[in-house]
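A quick write-up on the structure given underneath.
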Amino acid sequence: MKHITDKQAALVWLFLMLATLAGPSLVGSTGALATLSVVLVMAVALLKARAIIAWYMGIRYAPRGWRIAFELWVWITPSAIAGMWLLPV
Amino acid sequence: MSHYEIVESPFLEARARKEDPVSGILTFIVADLIVFSLLFIGFMVDRREQLDLFSQSAATLDVTFGIANTLLLVSSGLFMVFAVNAAGRGDASRFRRWVAVALLVGCGFGASKLIEYGHKFDAGINMLTNDFYMFYFALTGAHFLHFLGGAAALIYIWLSSYRKPVNGEFLGRIEAVGLYWHMVDLLWILIFPLLYLVGVL
């Protein structure tokens, strides 16, 4: 199975660290800010998850079936979480 | 010299087929991710029915722990990439070093989680306190069990590397353990915002 280089992995790590530290600053408390927060927080989580799947796990080099399976999961799950938050009660 | 015609047998082929731990672990990982996704959706469904309870309970979680846990797991994942790459180059010494570092940093997550649980128990909060905490302990507890399994697997490949060449057939198992370890990280990437960030809004 093909893998990314150590240098590429370090760059991915840097992105993951920065995205994690930025997370709480995306959280607004009420109204439209809260709505925007949820979308931003889950979008960042989606990007982080994609980075781990594609680069750390090397799925970008995997056969198409695996790429599709992981891509479906990484898009559906955070979208479902955000979508259910946004649905009116 | 006589010539023998070899007849292929599917049974002989099956016996001769080498194990494919990477495909096996990827199948497990996809199934596990789907199970956790269903738990996440279950959390969001219950949350909609008890908004105030969930928001107030989520506000008691310490985001600092959540961030620290994420940073530790993400860093551990980086060292696991280094370890797998070293194994691919046949560098057993460097492989063992990076697996040890990945495990050590991962244990930092384990310790942090236990400290966080301790704080909750000291405050009289447990899985039966309310539905939010039922999900909190179920999700993080299931994740913690996955972490323990991954840690055991790291110890296994570290010890086994003394007896087997890391870039031979054993490399498949090393890659499989690496993929599993990244799954532990991957799950936390969604558990953290679900419980600690979005949950409080």
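A note on names: the letters A, B, ... follow the listed sequences, proteins ahead of strands, and every chain is numbered from 1.
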Of the backbone (N, CA, C, O) and the side chain (C-beta and beyond), which part of [X] lies under 4.5 Å from a heavy atom of chain A, both, or neither?
| X | result |
| --- | --- |
| B:Leu171 | neither |
| B:Leu190 | side chain |
| B:Val45 | both |
| B:Phe82 | both |
| B:Val74 | both |

Nearest atoms (heavy-atom pairs only) where [X] meets [Y]:
| X | Y | answer |
| --- | --- | --- |
| A:Ile4 | B:Asn85 | O-ND2, 2.9 Å |
| B:Gly77 | A:Tyr56 | C-CE2, 3.6 Å |
| B:Arg48 | A:Met84 | NH1-O, 3.2 Å |
| B:Arg47 | A:Trp85 | NH2-NE1, 2.7 Å |
| B:Leu78 | A:Ala10 | CD1-N, 3.6 Å |

Any residue meeting ring pair (Phe, Tyr, Trp, His ring centres under 6.0 Å) with B:Phe192, in chain and number order, not counting sequence neighbours: B:Tyr196
Using non-hydrogen atoms and a limit below 4.5 Å, what part of residues 96-129 of chain B faces chain A?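 Expected list: none.
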Hey, what do you get for [atom1] ([X]) to [atom2] ([Y]), rounding to the nearest 0.5 Å?
| X | Y | atom1 | atom2 | value |
| --- | --- | --- | --- | --- |
| A:Thr20 | B:Asn69 | OG1 | CG | 11.0 Å |
| B:Ile34 | A:Leu72 | CD1 | CG | 9.5 Å |
| A:Trp73 | B:Asp32 | CH2 | CG | 10.0 Å |
| B:Ile189 | A:Leu47 | CD1 | CG | 11.0 Å |
| B:His182 | A:Trp55 | NE2 | CH2 | 13.5 Å |
| B:Leu197 | A:Met42 | CG | CE | 9.0 Å |

Quick one: which of A:Gly23, A:Ala80, A:Ala51, A:Ala45 has the most heavy-atom pairs under 4.5 Å with chain B, could you say?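 Highest number of heavy-atom pairs under 4.5 Å: A:Ala45.
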Top contributor to chain A interface from [options] [non-hydrogen pairs under 4.5 Å]:
| options | result |
| --- | --- |
| B:Ser75, B:Gly178, B:Pro193, B:Ser23 | B:Ser75 |
| B:Ile41, B:Val63, B:Val22 | B:Ile41 |
| B:Val81, B:Leu179, B:Leu33, B:Ile67 | B:Leu33 |

Report the C-alpha separation of B:Leu26 and A:Phe70 in whole Å, then their side-chain angles, then the decisive distance to 0.1 Å, and conclude whether the side chain to side chain contact (heavy atoms under 4.5 Å, CB included) test is met. CA-CA 10 Å; B:Leu26 285 176; A:Phe70 280 95; 3.9 Å; yes
So does B:Arg94 have more than 12 non-hydrogen atoms from other groups sitting under 6.0 Å from CZ?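 For B:Arg94, atom CZ is not crowded (no more than 12 foreign heavy atoms under 6.0 Å).
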Go through the steps to decide whether B:Thr70 and A:Leu16 satisfy the test side chain to side chain contact (heavy atoms under 4.5 Å, CB included), and finish with yes or no. CA-CA 9 Å; B:Thr70 308; A:Leu16 291 170; over 6 Å; no
At a heavy-atom separation under 4.5 Å, does A:Ile52 approach chain B through its side chain, its backbone, both, or neither? side chain
